[in-house]
Asks: 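Please find one structure pasted underneath; my questions will follow.
Just so you know, ligand 1 is whichever comes first in the structure, and atom 1 is the first atom listed for that ligand.
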Amino acid sequence: MVRSNEAPNVAASSGRAPRIDIHSHFYPKLSRQQGEVLGLDEAPWLRDDGDGTGFMMSGDNEYRPVQAPLWSAEARLGEMDATGVTVQVMSATPMLFSYAGESKVVARWAAMINDLALEMCSVDPERLKSLCQVPLQDVDLACEEVSRAVESGHVGVHIGNHVQGRNLEDPDLVRFLHHCADEGIPVLVHPWDVMAPERMSKYMLSWLVGMPAETHLALLSLILSGAFERLPDHLKICFCHGGGNFAAQIGRVDNAWHRRDIIRADCPNPPSSYVNRFSVDSAVFGDDALRLQVAIMGEDRILMGSDYPFPLGEIEPGKLIDESTHLSESAKTKLLHDNAETFFGLDQMKP
Ligand code: CO
């Protein structure tokens, strides 16, 4: 069922301003047979138990218990109605990237995931938008798939912050970003395959320390390598989890750049001068953290992102912004809605 005229009513009925959540995940309802496309010993697939719950599966093993909104458009829309989210921009669960696999196999895999995402969005294409994934281990195939996927209806691409031991400054990965810029395709960067798992096995430290560090690393890799000097100004690139540690540490990085030539060797301008080249989401979970983020990034470069529907996500997407003690009403509108609409070109688009 297409419910194309409901978006304004949803916001009105919830009493909340229209909002676009740009950081939300799905895991398509992959059959075991579809999961076997990757040729792994333990195929990834999704078991729907029919009662609103299910499991991400790994072969015969129950990998993680999950709830229906992760794979069901109808269940998502129900929760979006309840929390007043007008539009969601969905990305696949990063574990589905499969950057370690054989590239031609993963190209077929990515195309399948991308087509399944569009099937989910087709339930309500005005409110559900999706970002495609690509076989980033082979940039030619990645360029091919991103162009195909965007042509078929995705509003951008979701990539991991590193690929087979290479940071985003890698010339091939910069070439992919250049392709996206040339084609006007927005890029969302998500941390994955987090560093030093052997030292972060307890207390969800991979989420608390690893992910923000990975995102910081990705950003500094682009800045200090001078990649932003080579990439076109019109590249649209956004980093999840508030840009990780970037806002808190940019003073340290600028200080180092001024003092040590090895840090400025490939980066002609102070690192902080590149904040106008990228955006971040708002998933920082604290009023003071949001204040810092706005001070560093500016109110035009923060997009509301909740990390829905995972357990560490913002339960009521946008609540942090709504209840901010320091943002003006116009700034709140930008963060909740306008910046995302511009970034993903949603105002230009009809399903
Ligand atoms: Co996420």
Side-chain angles (χ1 to χ4, degrees), residues 19-28 44 46 56 63-67 69-71 76 79-80 83 85 87-99 110 113-114 117 120-121 128-134 136 154-163 168 186-195 197 200 204-219 237-247 278-286 289-290 293 302-321 335 339-340 343-344:
R19 61 200 57 216
I20 302 171
D21 186 353
I22 66 107
H23 181 179
S24 75
H25 295 289
F26 71 96
Y27 188 115
L46 190 124
M56 288 184 195
Y63 175 74
R64 189 184 296 172
V66 286
Q67 311 290 319
L70 191 61
W71 70 84
R76 291 180 93 90
E79 293 203 336
M80 288 164 65
T83 55
V85 172
V87 174
Q88 252 188 10
V89 180
M90 310 187 308
S91 314
T93 308
M95 61 185 293
L96 298 177
F97 285 145
S98 308
Y99 293 155
I113 301 288
N114 294 339
M120 284 182 75
C121 295
L128 295 178
K129 309 287 182 186
S130 57
L131 304 179
C132 62
Q133 67 174 64
V134 291
L136 205 47
H154 290 268
V155 298
V157 60
H158 171 225
I159 65 170
N161 71 308
H162 60 93
V163 180
L168 291 185
V187 181
L188 182 69
V189 182
H190 198 290
W192 83 298
D193 193 19
V194 169
M195 61 180 80
M200 292 192 260
M204 294 189 81
L205 287 169
S206 286
W207 278 259
L208 304 181
V209 176
M211 288 203 180
E214 288 284 356
T215 304
H216 194 199
L217 178 57
L219 267 166
I237 186 166
C238 179
F239 291 79
C240 288
H241 306 138
N245 300 329
F246 180 82
F278 60 92
S279 298
V280 296
D281 77 14
S282 65
V284 294
F285 302 96
L290 183 63
Q293 200 186 25
I302 303 170
L303 286 59
M304 195 272 278
S306 72
D307 220 351
Y308 174 92
F310 289 135
L312 296 189
E314 189 178 27
I315 306 275
E316 290 179 50
K319 189 176 180 195
L320 179 71
I321 296 167
L335 270 61
N339 293 344
F343 188 86
F344 289 107

Asks: Tell me whether H190 has at least one N, O or S atom under 2.8 Å from the Co ion (ligand 1).
Replies: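 Yes, H190 qualifies, because one of its backbone or side-chain N, O or S atoms lies under 2.8 Å.
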Asks: Is the H23-Y308 ring centre distance short of 6.0 angstrom?
Replies: no
Asks: Suppose we only allow N, O or S atoms; which atom of D307 ends up nearest to the Co ion (ligand 1)?
Replies: OD1
Asks: From H25, does some N, O or S atom reach closer than 2.8 Å to the Co ion (ligand 1)?
Replies: yes
Asks: Could you tell me whether the side chains of D307 and H25 share a donor-acceptor contact shorter than 3.5 Å?
Replies: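 Yes - a donor-acceptor pair under 3.5 Å links their side chains.
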Asks: Would you say the side chains of D21 and Q88 form a donor-acceptor pair under 3.5 Å?
Replies: no
Asks: Taking the six-membered ring for Trp, are Y63 and Y27 closer than 6.0 Å centroid to centroid?
Replies: no
